[in-house]
Asks: 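Can you keep this structure in mind? I'll have questions shortly.
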There are 2 protein chains.
Amino acid sequence: MEDRDTVLGKALAILRAFGPADSVLPLAELVRRTELPKGTVHRVAGDLVHHRLLDKTAHGYRLSGGLFELGLRAATERTLLELAMPFLQDLYERTHETVHLGVREGHEVVYITKIGGHRQAKAPSRTGGRMPMHCTALGKVLLAYAGEDEQAAVLTGPLERRTPHTVIAPGILRRQLARTIETGVAYEREESTPGLLCVAAPVLKPDGRTVVAAISVTGPVGRFRPESHETAVRAAAAALGSTLARRGR
Amino acid sequence: MEDRDTVLGKALAILRAFGPADSVLPLAELVRRTELPKGTVHRVAGDLVHHRLLDKTAHGYRLSGGLFELGLRAATERTLLELAMPFLQDLYERTHETVHLGVREGHEVVYITKIGGHRQAKAPSRTGGRMPMHCTALGKVLLAYAGEDEQAAVLTGPLERRTPHTVIAPGILRRQLARTIETGVAYEREESTPGLLCVAAPVLKPDGRTVVAAISVTGPVGRFRPESHETAVRAAAAALGSTLARRGR
DNA sequence: AAGAGCGTACCGCTGAGCGGAACGCCGATG
DNA sequence: CATCGGCGTTCCGCTCAGCGGTACGCTCTT
């Protein structure tokens with residue numbers, strides 16, 4: 001999967017060895033995960049510390065602030081985030097539920113940001129994290145507007161059953177996607193996480209066909225009725241769409 | 001400044017050649033900024049593309065989504081961001097002005113996040129960006145609680161005059177910092193950007209001495225009266241402080 | 001006391017990385 | 001239309017940065 005034969009490859013193998021949940025990893029753990037020789041990991045990790053991509057603590061290594069800073073220079077994601085923020089705020093203020101902004105990356109959703117209050121539903125999504133497309137509202141929206149082949153690739157591939165409600169039948173899923181194109185929204189009902197509901201709408205280019213990103217509102221089963229936020233989400237997404245069209249790209 | 005003799009050094013020189021404002025840089029520009037041989041930049045940039053840290057476009061290279069994703073795995077910043085979000089939301093909802101969360105990194109402030117609505121004052125701060133400490137409310141708070149030597153280092157060093165209001169007299173600045181410790185807030189009045197006012201408060205560890213981060217509210221001269229948000233900012237920062245103390249680190 | 005697992009240090013071999021040079025392609029200039 | 005400067009790309013032989021097996025010393029656990 002990764003190219004472990006070049007210095008850069010090794011360096012990245014080490015950096016990517018950190019999962020979203022990991023905070024500090026000891027050298028030995030990095031060796032295990034990267035499957036690189038111990039000496040090598042030691043040296044490269046040392047270099048990475050020197051370059052401010054890793055911090056060295058008493059208990060091991062940790063991704064450093066330098067990396068955080070660098071990552072936020074990525075132009076497209078950052079611009080999207082900055083332009084979207086006001087709309088996401090509006091949406092949050094109107095709903096007081098967890099609001100997500102995500103884009104498609106390969107066959108998964110990547111969360112650009114996640115905003116919420118104290119009462120937010122405990123979702124597994126994390127800023128900068130990934131989730132499968134077939135079991136999230138955000139993912140379904142992004143998939144619905146993705147290219148034919150992209151869509152087919154995901155539907156054909158194995159669809160992980162995350163909860164009893166996860167839709168793993170390609171047929172049903174395909175129908176949901178078709179309906180998403182018609183209505184302009186997608187739903188998730190406890191398909192990725194028990195107890196969670198979600199509505200999402202696409203942020204489109206002016207052509208009305210290409211997705212740039214998607215916005216969603218998530219809440220817990222019980223007090224939360226996703227249908228009642230359908231219009232708000234759609235409006236926010238549409239508004240962001242036109243803003244993007246107006247300014248630069 | 002940078003170590004250009006190792007592969008990693010070159011790679012980082014290239015990545016860091018992208019300023020906060022740059023979106024796409026052509027090869028030639030990278031060569032100019034990094035002062036590396038053309039052939040070398042070409043090759044390394046190619047490798048970086050292969051490793052999903054750069055995107056190659058028709059007009060040059062661009063920091064890619066892979067980097068964004070990686071950066072957001074940095075544990076400390078991300079945890080801080082996640083735990084802070086609800087408090088920042090509250091603060092925004094109460095004030096409807098631009099809200100910042102920042103930490104100290106070296107002799108500057110790094111913005112972890114920035115949230116605001118449509119009417120937000122056009123501040124130069126950007127998520128992931130840097131600003132000097134001596135002319136921002138966030139910076140003054142962070143500096144006030146930083147170690148003696150750290151504080152001295154900044155005050156001794158050259159203090160850039162950003163606007164006619166920038167305080168560049170170490171004496172006055174030191175008094176402001178002292179006062180910040182007493183009152184628990186710092187102000188900025190058009191010291192970094194004309195037309196902008198700002199209040200900030202420290203997020204402290206339980207010991208009440210060590211700063212972890214700082215929160216601020218920014219608004220435009222005219223409608224915005226920073227004093228009236230002093231309590232709200234202080235409350236938000238304090239609340240975040242206790243939350244951090246409770247959970248994990 | 002023995003052992004397992006860790007982080008660190010050493011060091012000689014070698015091919016990955018290096019970068020100067022040359023090329024072909026524009027678009028600006030005269 | 002000819003020239004030229006700046007661009008991105010490719011090539012290739014030299015060499016030293018990177019490599020990783022080995023060994024050591026430390027701290028826990030058994």
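These numbers were taken from a predicted model, which means no experiment stands behind them.
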Asks: Without swapping roles, check the side chain of A:T163 against the backbone of A:E190 for a donor-acceptor pair under 3.5 Å.
Replies: yes
Asks: How close do B:K114 and B:A123 get, heavy atom to heavy atom, and via which atoms?
Replies: NZ-O, 3.6 Å
Asks: Separation of A:D5 atom CG from C:dG15 atom C1', in whole Å?
Replies: 11 Å
Asks: What are the two closest heavy atoms between A:R52 and A:S64, and how far apart are they?
Replies: O-OG, 2.6 Å
Asks: Dump the pairs, protein N or O against N or O of nucleotides 20-29 of chain D, anything under 3.5 Å, distances to one decimal.
Replies:
unit_1 : atom_1 : unit_2 : atom_2 : d
D:dG20 : OP2    : A:T40  : OG1    : 2.9

Asks: Which atom names give the shortest non-hydrogen contact between B:T34 and B:A17, and what distance separates them?
Replies: CG2-CB, 4.1 Å
Asks: Using the six-membered ring wherever Trp is involved, compare the ring planes of A:H100 and A:Y111 and label them parallel, tilted or perpendicular (cut-offs 30° and 60°).
Replies: tilted
Asks: If you assign B:V44 and A:R32 each to the DNA chain C nucleotide with the nearest heavy atom, which residue ends up on the more 5' nucleotide?
Replies: A:R32
Asks: B:T6 side chain: which of C:dG17, D:dT9, D:dG18 is closest?
Replies: D:dG18
Asks: Choosing from C:dC6, D:dT9, D:dG8, which nucleotide comes nearest the side chain of B:K56?
Replies: D:dT9
Asks: State, to the nearest 10°, the angle formed by the axis through the first five base pairs of the helix from C:dA1-D:dT30 to C:dG30-D:dC1 and the axis through its last five.
Replies: 30°
Asks: Using a strict 4.0 Å threshold on nitrogen-to-oxygen distance, state whether B:K10 and B:D47 make a salt bridge.
Replies: no
Asks: For A:V7 and A:E29, take the nucleotide of DNA chain C holding the closest heavy atom to each; which residue's nucleotide lies nearer the 5' end?
Replies: A:E29
Asks: Over all heavy atoms of both residues, which pair between A:G19 and A:R33 is shortest? Give the atoms and the distance, please.
Replies: N-NH1, 3.9 Å
Asks: Check whether any side-chain N or O of A:R62 sits under 3.5 Å from a backbone N or O of A:T57 as a donor-acceptor pair, and report yes or no.
Replies: no
Asks: Minimum heavy-atom separation for A:E191 to A:H134, with atom names?
Replies: OE1-O, 4.2 Å
Asks: NE2 of A:H59 versus P of C:dC6: gap in Å, rounded?
Replies: 16 Å
Asks: Looking only at side-chain N and O atoms, does A:H42 come under 4.0 Å of OP1 or OP2 in C:dT8?
Replies: yes
Asks: What is the separation between atom CG on B:D47 and atom P on D:dT10, rounded to the nearest whole Å?
Replies: 14 Å
Asks: Take atom CD1 of B:I14 and atom C1' of C:dC18, then tell me their distance rounded to the nearest Å.
Replies: 13 Å
